[in-house]
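First comes the structure, then the notes that go with it.
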Amino acid sequence: MTGIWAIVIPAFVKILVIIAVVMTGVAYTTLAERKVSAWMQDRKGPNRAGPFGLLQPVADGIKFFFKEDITPKEAYRPIYLLAPLLTLFPALITFAVIPFGTSVTVAGQTYPLAIAPGMNLGIVYLLAISSMSVYGILLAGWSSGSKYSLMGALRGASQVISYELGIGLAVLSIVLWTGTFDFNAIVADQTGGWGKVWFFIPHFLAFVVFTVSIFAETNRLPFDLPEGESEIVGGYHTEYSGLRFAMFFMGEYANMITASAFVVLLFFGGWNLPFVRYEWFGPLWGGLLSMVVFFSKIAVCLFIFIWVRWTLPRFRYDQLMTLGWRRLFPLAVLNFVLVATWLLLRGRP
Amino acid sequence: MITIGHYLVLASFLFVVGLIGALTRKSAIIVFLAIELMLNSVNLVFLALGRYFGQLDGAVFVFFIMAVSAAEAAIGVAITVAFIRRNKTTAIDAANLMKW
Amino acid sequence: MTFAVVFFAVAFLAFIGALTLVFHRHPVIAVLGMAAATVSIGVLYVMLHVPFLGLFQMIVYAGAVMVIALYVIMALGPEESGPQVGTVQTVLTYLASLLFLLHLYRVLIKSEIGPMPAVDEAFGSIQAFGGALVSRYAVPFELASLLLLGAMVGAVVLSRRQWQ
Amino acid sequence: MKVTRPKLSWWERTYFPAILKGLAITLSHIPKIKKRVTLEYPEVRWALPPQYRGAPILLTGLDGNEKCTSCKLCEFICPPRAIRIVAEETSLEKEKRPKEFDIDMGLCIFCGYCQEVCPVEAIWLKDEYEMADYDRTNLIFNKEQLLARGRKPPYLPGREKPLEEPK
């Protein structure tokens with residue numbers, strides 16, 4: 001195990017672990033979505049497959065697998081077949097730069113818990129990839145050859161583009177504050193010292209803008225206009241069925257997980273807990289514990305996603321655009337200017 | 001071994017393809033994108049040479065070109081939309097108002 | 001070795017994307033080809049040791065310009081049209097392109113082509129880049145922001161419905 | 001009509017109070033385990049009200065023959081034309097009886113007009129609602145099936161008696 005293999009094998013193992021974890025996470029987020037929504041509506045939710053319905057995602061997967069795969073007559077076939085992949089692929093490769101813990105030491109070798117540990121441009125990478133996730137929506141909606149799909153796609157594209165600005169500016173103010181694009185440094189800046197708090201307190205404005213924008217970016221209620229069932233059937237994935245529909249579905253939930261990880265890393269201290277140091281637990285267990293803490297925080301964020309979805313009604317389209325361009329965007333600019341001014345006058349506290 | 005020549009050859013290919021596109025396509029949007037492709041190939045040359053000579057000025061210039069092409073995209077698309085509204089087509093042959 | 005393989009793969013992809021843009025009849029496929037080309041060129045930037053410019057390339061071109069172009073094509077309905085053939089303009093274009101290429105290669109063959117020199121880690125770092133941007137290139141930087149502002153105002157003015 | 005908009009304070013216009021209120025309401029429903037209204041269907045069943053209109057059945061009279069006199073009123077009134085009757089003569093007092101009596105349950109809309117119109121109260125819509133099948137032809141109930149369903153006690157509140165097997 002020398003040379004390139006010393007890099008490739010751990011990376012491969014980490015990719016496998018992350019894909020497995022994320023895919024399981026996606027599956028169980030769908031279950032959680034159904035369970036939590038049921039509880040909020042005084043129902044019981046799926047409980048047939050396995051104890052408490054825990055095997056429901058498996059059943060769903062099997063069902064998706066055996067459903068008929070329909071291509072509409074009016075569809076533009078090559079793009080119609082490509083679009084689901086373009087949705088799922090960016091959703092998955094964003095995990096390359098997300099650090100999900102400190103590091104573990106196995107057999108004297110220390111492995112940082114991230115697929116691409118040396119990446120000091122993690123945030124730019126994440127923004128770049130998420131800016132490309134529009135393609136899946138746009139192409140799926142257009143190539144289906146259905147007016148509902150086209151409407152959904154156009155809505156989705158303009159919404160995602162509009163809200164990316166808010167996200168970018170909110171993130172940039174954090175970047176300006178910490179002076180780095182590196183997730184690890186940003187996480188390290190939030191804990192482990194006097195006066196270092198999770199960023200959602202000092203950067204509350206950025207936090208609000210970011211959170212609202214991330215709901216729009218992931219097409220979740222109250223901003224799920226691209227797939228508003230009561231208006232345009234299913235939006236851009238109206239015509240899809242079977243495994244291709246499942247890809248959209250998984251892509252959406254994987255995006256939610258990425259967004260949650262993003263929020264946790266930027267505003268909630270990543271894998272750190274207040275007053276806890278992972279060095280106390282040793283190099284192996286400390287690392288694993290940090291991973292567990294990180295995923296728990298993501299789970300809480302996912303719960304909030306679901307909670308909001310089953311509480312708030314959908315925005316009207318002009319309201320969505322007004323909120324994005326006339327409320328959040330100026331707010332983000334204001335926040336950016338405030339952070340810059342503070343840094344200019346007072347420097348880092 | 002990848003030398004500077006590889007980058008330059010690739011960039012020249014891209015530039016010429018973009019040139020052909022800009023001069024022979026009819027659709028305004030495609031012409032616009034072909035021009036962007038030419039800009040991109042020039043960017044590639046800037047970066048490759050900057051890397052070759054160990055100077056960052058190439059990268060800075062690429063940054064400015066990106067800003068210019070972003071501005072160009074905003075204006076270009078606005079013009080295209082206005083053009084299509086007026087002429088009901090994207091074919092640039094329809095832009096013959098000032099022809100004599 | 002790995003580097004060369006990646007380079008040739010990415011370069012090939014960029015070239016195919018460019019050809020698709022220029023020669024495919026369907027505008028949506030053409031724009032997708034261009035998107036693939038811009039992403040590949042972004043990867044080339046990363047390989048040229050300026051990773052953030054590669055990522056910016058993806059954000060600006062693949063994420064914004066191409067999406068807007070696609071959006072316009074979809075919203076206004078795609079018209080299929082290939083490159084023109086057989087006109088004088090076409091012949092002249094190909095001739096000029098060929099001459100231009102030949103001229104470039106004449107220059108290229110005469111010049112001294114060496115392998116890429118090694119650079120230190122700080123070469124393409126965002127710190128070095130930002131330093132250059134706000135010190136030596138401060139005025140162009142501000143001008144670029146003015147340009148973007150002007151473009152924004154221009155786009156807003158243009159897209160108002162003034163001519164029916 | 002004149003709509004008066006409520007005067008909202010600055011804080012209310014940020015949407016936050018309303019959003020938080022809504023979130024609190026939905027969250028407060030999660031721990032209410034006792035109030036869950038889900039009926040776990042195949043095991044737990046809904047108590048049907050007596051007037052429930054399910055699958056139609058044919059009644060057997062006290063003499064052991066079907067009550068239907070094949071007057072075809074139900075066939076005539078049936079909106080989706082799900083009923084088909086072929087009459088035949090009989091030596092019984094009623095003189096006519098259905099030779100064939102088919103109801104296509106794929107067509108039936110459970111409107112209950114047949115029951116309403118029947119002069120001899122021979123056809124009833126009863127409490128059966130599980131009629132799914134893999135084959136449409138199995139959904140055409142013939143006379144024997146309809147009569148067999150009619151023999152299932154309990155029958156109607158207060159009217160159980162006439163349903164019993166003939167002596």
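Reminder, nothing fancy here: chain letters follow the sequence lines and each chain counts from 1.
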Inter- and intrachain pairs under salt bridge (charged side-chain N to carboxylate O under 4.0 Å, His left out), touching residues 46-61 of chain C, at least two apart
none
Please step through side-chain contact (heavy atoms from CB on, under 4.5 Å) for the pair B/Phe46 and C/Leu48, ending with a clear verdict.
CA-CA 11 Å; B/Phe46 270 124; C/Leu48 281 171; over 6 Å; no
Evaluate the side chain to side chain donor-acceptor pair (under 3.5 Å) criterion for residues C/Tyr61 and B/Ser69: first the C-alpha distance (whole Å), next the side-chain angles of each, then the deciding distance (0.1 Å), finally the verdict.
CA-CA 9 Å; C/Tyr61 282 104; B/Ser69 68; 2.8 Å; yes
Using every non-hydrogen atom in the two residues, find where C/Val50 and B/Ala59 come nearest and quote the distance to one decimal.
CG1-CB, 4.1 Å
Distance-only donor-acceptor check, side chains C/Tyr105 and B/Ser12, under 3.5 Å
yes
Which atom of C/Val60 lies closest to which atom of B/Ala70, heavy atoms considered
CG1-CB, 4.3 Å
Against chain B, label C/Leu19 side chain, backbone, both or neither, depending on which of its atoms sit under 4.5 Å from a heavy atom there.
both
Go through the steps for B/Val17 and C/Leu21 under the test side-chain contact (heavy atoms from CB on, under 4.5 Å), then give the verdict.
CA-CA 9 Å; B/Val17 171; C/Leu21 169 73; over 6 Å; no
Return the option, out of B/Ile79, B/Leu8, B/Leu47, B/Val77, with the maximum number of heavy-atom pairs under 4.5 Å with chain C.
B/Leu47
Top contributor to chain B contacts, counting heavy-atom pairs under 4.5 Å, from C/Gln57, C/Met47, C/His49, C/Arg136:
C/Gln57
I need the residue from C/Leu143, C/Leu147, C/Leu92, C/Leu98 with the largest number of non-hydrogen atom pairs under 4.5 Å to chain B.
C/Leu147
C/Leu44 side, atom CG; B/Leu14 side, atom CG - distance, nearest 0.5 Å:
8.5 Å
Under 4.5 Å between any side-chain heavy atoms of C/Met34 and B/Asn40, yes or no?
yes
Ring centres of B/Tyr7 and C/Phe7 under 6.0 Å apart?
yes
Which one of C/Gly154, C/Ala144, C/Pro140, C/Ala4 has the most heavy-atom pairs closer than 4.5 Å to chain B?
C/Pro140
Sub-4.5 Å side-chain heavy-atom contact between C/Ile41 and B/Asn43
no
Counting only non-hydrogen atoms closer than 4.5 Å, does B/Glu36 touch chain C with its backbone (N, CA, C, O), its side chain (CB onward), both, or neither?
both
Measuring heavy-atom distances to chain C, does B/Phe64 have an atom under 4.5 Å in its side chain, in its backbone, in both, or in neither?
side chain
Parallel, tilted or perpendicular: ring planes of B/Phe63 versus C/Phe129, cut at 30 and 60 degrees:
perpendicular
Taking the side chain as every heavy atom from C-beta outward, state whether B/Met66 and C/Leu53 have any atom pair closer than 4.5 Å.
yes
For the student: nearest non-hydrogen atoms of B/Gly21 and C/Val22, plus distance
CA-CG1, 3.5 Å
Residue list, side chain to side chain contact (heavy atoms under 4.5 Å, CB included) with C/Leu13, at least two apart or on another chain
C/Ser40
So, the part of C/Met66 with a heavy atom under 4.5 Å from chain B: the answer is side chain
So B/Asp57 and C/Tyr137, do their side chains get closer than 4.5 Å, heavy atoms only?
yes
Would you check, one step at a time, whether the test side-chain contact (heavy atoms from CB on, under 4.5 Å) holds for C/Phe23 with B/Ile20?
CA-CA 10 Å; C/Phe23 292 108; B/Ile20 292 172; 4.3 Å; yes
Assert top hit (heavy-atom pairs under 4.5 Å, partner chain C, pool B/Ile30, B/Val62, B/Val68, B/Leu23) equals B/Leu23
Which atoms of B/Val31 approach chain C - backbone, side chain, both or neither, heavy atom under 4.5 Å:
neither
Under 4.5 Å from a heavy atom of chain B, the part of C/Ala64 involved
neither
Taking all heavy atoms of B/Leu37 and all of C/Ala18, pick out the closest pair and write down the distance.
CD2-CB, 3.4 Å
Based on non-hydrogen pairs under 4.5 Å, which of B/Ala34, B/Ala73, B/Ala48, B/Ala74 is most in contact with chain C?
B/Ala48
Which bit of B/Leu10 is near chain C, if near means a heavy-atom gap under 4.5 Å: side chain, backbone, both or neither?
side chain
Contact summary for C/Ser97 and B/Val16, nearest pair of heavy atoms:
CB-CG1, 3.5 Å
Do C/Phe100 and B/Phe15 have ring centres separated by under 6.0 Å?
yes
Using non-hydrogen atoms and a 4.5 Å limit, figure out which bit of B/Ile29 sits close to chain C: side chain, backbone, both or neither.
side chain
